[in-house]
Peer 1: 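Shown below is the structure under consideration.
Order of the sequence lines fixes the chain letters, A, B, ..., with proteins taken first and strands second; residue numbering starts at 1 for each chain.
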Number of protein chains: 2
Amino acid sequence: MLSNQSKYAIRAILCLAINSDSKKKMGSKEIAEKIDIPAPFLAKIFQSLSKAKLIQSIKGPNGGFYLTKAEKQNNLLDVIACIDGLDKFNECFIGLPKCSDEYPCAIHHIVSPFKTKLTEELTSKTIADFAEETKNGKSYIFLK
Amino acid sequence: MLSNQSKYAIRAILCLAINSDSKKKMGSKEIAEKIDIPAPFLAKIFQSLSKAKLIQSIKGPNGGFYLTKAEKQNNLLDVIACIDGLDKFNECFIGLPKCSDEYPCAIHHIVSPFKTKLTEELTSKTIADFAEETKNGKSYIFLK
DNA sequence: TTTATATTATGATAATTATCATGTTTTATA
DNA sequence: TATAAAACATGATAATTATCATAATATAAA
C-alpha cells in the first residue's frame with residue numbers, strides 16, 4: 001500500500017516539522033541519522049518533495065531543509081501522492097484490477113471503511129497536527 | 001502489506017474452493033487464466049501451498065489441484081502466513097521497526113483496529129465461507 | 001509397458017525498488 | 001574573489017520481487 005519511499009518521506013517530513021523552521025534548517029544526513037534510514041536515499045526523496053514544493057531547500061553554507069508555516073499546513077496524503085501516486089494507495093487489497101463498492105473483492109467491506117477513515121485522517125489533519133502529537137509524546141517517528 | 005504472491009494465492013485458492021473437489025480437479029493454467037494472473041507464477045505459488053498442505057495436488061493425467069473439505073475449513077491468514085509470513089503482514093504502516101500500542105506511530109490508532117478486525121475476519125471465516133459469498137454474488141475474485 | 005498428461009522442481013530472466021557513489025551547482029562568508 | 005558547505009542531478013550497483021522457461025518426475029490409461 002505504501003512504498004518504503006513514502007514511509008520514509010512521512011517520517012522525514014514529520015521530523016522536519018518538529019525540528020525545523022526558516023531559522024533552523026536541517027541537513028538530510030542529520031535527519032536520516034535521526035530516523036535511522038539510508039541518507040542518500042533520503043536525499044533523493046527530498047528532491048522529489050522539494051520539486052513538489054512540499055519542503056524548502058536552501059543551498060550553500062548554513063543551508064538545509066525546512067518547512068514554512070504554510071507547508072506545515074499540508075497533509076500527509078499530499079506526501080504520499082507526491083512519492084507513490086494515489087493509484088498505489090487506492091489499489092485493491094487482494095489485487096483485483098477493478099474493485100468497487102458495486103463489485104467488491106472478498107474483503108472489500110473491511111478494507112473500504114478503513115481506507116475511508118485513513119484517507120480522511122491523512123487529509124484533514126495537517127503535518128503540524130501530527131508533529132504536535134509527536135512533540136507531546138503521543139506518537140513516535142523513530143523507535144529503536 | 002501483502003505481496004502479489006499472497007494476493008494471487010488468495011484469489012487462486014478461492015477459485016479452487018468454488019470450482020473444485022476431489023472429483024473435479026483444476027489445472028493451474030486453467031485457474032491462472034480464470035483469475036487473469038501469470039500461469040507459471042501461479043504454478044510456483046501452488047507448490048508452496050501444496051507443501052504446506054493447504055491444497056491437494058494430483059499428478060498425472062486427469063490430475064490437477066483441488067481442496068478437500070477439511071482444507072476448505074482453513075482460513076486465509078494461513079495462506080498469507082504460508083506465502084509471505086506473518087511479519088510482513090504485521091509490520092508498521094510507516095515502517096517503524098518497533099511500533100506498538102505503547103509506542104505507537106503517528107497513525108497507529110487508525111491502523112491497529114483495522115488490523116485487528118482484518119485479522120479476526122481472516123482467521124474466523126473459513127475459505128468455504130468466502131467461497132460461498134462469491135458463489136452468491138456478494139463478492140468477486142476476478143473482474144476485468 | 002509405453003505413452004501422454006499433468007505436476008514438480010529448479011533455475012534463468014526481467015522488472016522494480018532500494019541503496020550507494022560521484023561530480024556539479026549554488027551561495028554565504030572569510 | 002576564493003573557499004567551503006550544502007543541495008542538486010545523475011547514474012551505478014545491489015537486493016528483492018515477479019515472471020518465464022525447461023527438464024524431471026509421477027501416474028492413469030491404452
Peer 1: If you check every side-chain atom of B/F41, which of C/dT26, D/dT19, D/dA12 has the closest atom?
Peer 2: D/dT19
Peer 1: Would you find a donor on one side and an acceptor on the other, under 3.5 Å apart, between the side chain of B/D84 and the backbone of B/S3?
Peer 2: yes
Peer 1: Taking only the side-chain nitrogens and oxygens of B/S28, find out if one of them lies under 4.0 Å from OP1 or OP2 of C/dA6.
Peer 2: no
Peer 1: Which is true for B/F46 with a 4.0 Å heavy-atom rule: it touches a base, it touches only sugar-phosphate, or it touches nothing?
Peer 2: nothing
Peer 1: Check whether any side-chain nitrogen or oxygen of B/Y8 sits under 4.0 Å from OP1 or OP2 of D/dA18, and answer yes or no.
Peer 2: no
Peer 1: Does B/F130 have B/K125 sitting over its ring (NZ/CZ under 6.0 Å from centre, angle to axis within 45°)?
Peer 2: yes
Peer 1: Would you say that A/K115 contacts A/F93 through its side chain, given a criterion of any heavy-atom pair below 4.5 Å between the two side chains?
Peer 2: no
Peer 1: For a quick test of reading the model: is some side-chain N or O of B/N4 closer than 4.0 Å to OP1 or OP2 of D/dA18?
Peer 2: yes
Peer 1: Among D/dT19, C/dT5, C/dT7, which nucleotide has an atom closest to any side-chain atom of B/F65?
Peer 2: C/dT7
Peer 1: Could you state the CG-C1' distance from B/D84 to D/dT17, rounded to the nearest angstrom?
Peer 2: 11 Å
Peer 1: Round to the nearest Å and state the distance from A/I45 atom CD1 to D/dC8 atom C1'.
Peer 2: 15 Å
Peer 1: Which part of the nucleic acid, if any, lies within reach of A/K25 when heavy atoms closer than 4.0 Å are counted: base, sugar-phosphate only, or nothing?
Peer 2: nothing
Peer 1: Take the angle between the ring planes of B/F65 and B/F46 and call it parallel below 30°, perpendicular above 60°, tilted in between.
Peer 2: tilted
Peer 1: Looking for any heavy atom pair under 4.0 Å, which part of the strands does B/P38 touch: base, sugar-phosphate only, or nothing?
Peer 2: sugar-phosphate
Peer 1: Output the single nucleotide from D/dT10, C/dC20, C/dA12 whose closest atom is nearest the side chain of A/Q47.
Peer 2: D/dT10
Peer 1: Send over the distance from A/M26 CE to D/dA6 P, rounded to a whole Å.
Peer 2: 13 Å
Peer 1: Counting only heavy atoms not in A/D87 (residues, nucleotides, ligands), do more than 12 fall under 6.0 Å from its CG?
Peer 2: no
Peer 1: Less than 4.0 angstrom between a side-chain N/O of A/N62 and OP1 or OP2 of C/dT27, yes or no?
Peer 2: no
Peer 1: Rounded to the nearest angstrom, tell me the gap between atom NZ in B/K44 and atom P in C/dT10.
Peer 2: 11 Å
Peer 1: Given D/dA7, C/dA18, D/dT10, identify the nucleotide with an atom nearest to the side chain of A/S57.
Peer 2: D/dA7
Peer 1: Would you indicate what B/G60 reaches in the nucleic acid, counting non-hydrogen atoms under 4.0 angstrom: base, sugar-phosphate, or nothing?
Peer 2: base
